[in-house]
Amino acid sequence: MPTLPYSSSDYLQTDEDIIDYLDAAMEDGDSRVLLLALRNAAIAKGGIAKMAEITGLNRESLYKTLSEQGNPQYDTVAAIVHGLGFRFSIQRDSSDLQAA
């Protein structure tokens, strides 16, 4: 049976899809998962070259940053998230049973 190529970015049709996808990636707790999710989101929003243009970041460096081996600084991740049209926010973890 032949296999078909799969890319998560093909299924990220709306901003809500991307938000849910990135949220799930953040909940995973593995930074590599988040970086690959950001890469897929960037591809879904027009590609890495377009993200480089929007953010002012170097295209080659974006490819490296958004790989499993990437180790970006907060400023870079924030620029990518902003370039996607989103922002970070903090919410209380409802699974946290400790009193504030």
Membership question, hydrophobic clusters at under 4.5 Å side-chain separation (ILVMFWY): are I54 and L35 in the same one? no
OG (S8) and CZ (R39) are apart, to the nearest 0.5 Å, by 12.0 Å
Does S7 have any side-chain hydrogen bond (donor to acceptor under 3.5 Å, both in side chains) partners at least two apart in sequence or in another chain, and if so, which? S9
Rounded to the nearest 0.5 angstrom, the OG1-CD1 distance for T65 and I48 is 9.5 Å
Taking all non-hydrogen atoms of both residues, which atom of A52 and which atom of N58 are closest, and how far apart? CB-C, 4.3 Å
Do L36 and L57 belong together in a cluster built from hydrophobic side chains that touch within less than 4.5 Å? no
Could you list all the salt bridge (Lys or Arg N to Asp or Glu O under 4.0 Å) pairs where at least one residue sits in residues 43-56, not counting sequence neighbours? D15-K45
Write down the atom of A25, the atom of L34, and the distance for their closest heavy-atom approach. CB-CA, 4.1 Å
Filter on salt bridge (Lys or Arg N to Asp or Glu O under 4.0 Å), then keep only pairs touching residues 19-33, sequence neighbours left out; what's left? D30-R32
What pairs of residues pass the ring-ring contact (aromatic ring centres under 6.0 Å, His included) test when at least one of them lies in residues 10-46, not counting sequence neighbours? Y6-Y11
Does D10 have any salt bridge (charged side-chain N to carboxylate O under 4.0 Å, His left out) partners at least two apart in sequence or in another chain, and if so, which? none
Let me check something: do M26 and L22 share a hydrophobic cluster, defined by ILVMFWY side-chain heavy atoms less than 4.5 Å apart, either directly or through other members? yes
According to salt bridge (charged side-chain N to carboxylate O under 4.0 Å, His left out), who are the partners of R59, at least two apart in sequence or on a separate chain? none
Excluding sequence neighbours, so at least two apart, what forms side-chain hydrogen bond (donor to acceptor under 3.5 Å, both in side chains) with T14? D17
Could you tell me whether the side chain of L38 reaches within less than 4.5 Å of the side chain of L84, counting heavy atoms only? yes
M51 with F88, same ILVMFWY side-chain cluster at under 4.5 Å: yes
Taking only residues two or more places apart in sequence, or in another chain, which ones meet F86 in a ring pair (Phe, Tyr, Trp, His ring centres under 6.0 Å)? none
Output a table of donor-acceptor pairs, distance under 3.5 Å, between side-chain atoms of residues 72-81 and any protein atom two or more places apart or on a different chain; print 'none' if there are none.
none

Where at least one partner belongs to residues 22-43, residue pairs that pass ring-ring contact (aromatic ring centres under 6.0 Å, His included), sequence neighbours excluded: none
How would you list, by chain and number, every residue that makes a side-chain hydrogen bond (donor to acceptor under 3.5 Å, both in side chains) with T55, sequence neighbours excluded? none
Apply the hydrophobic cluster definition, ILVMFWY joined by side-chain contacts under 4.5 Å directly or through others, and give me every member besides M1. none
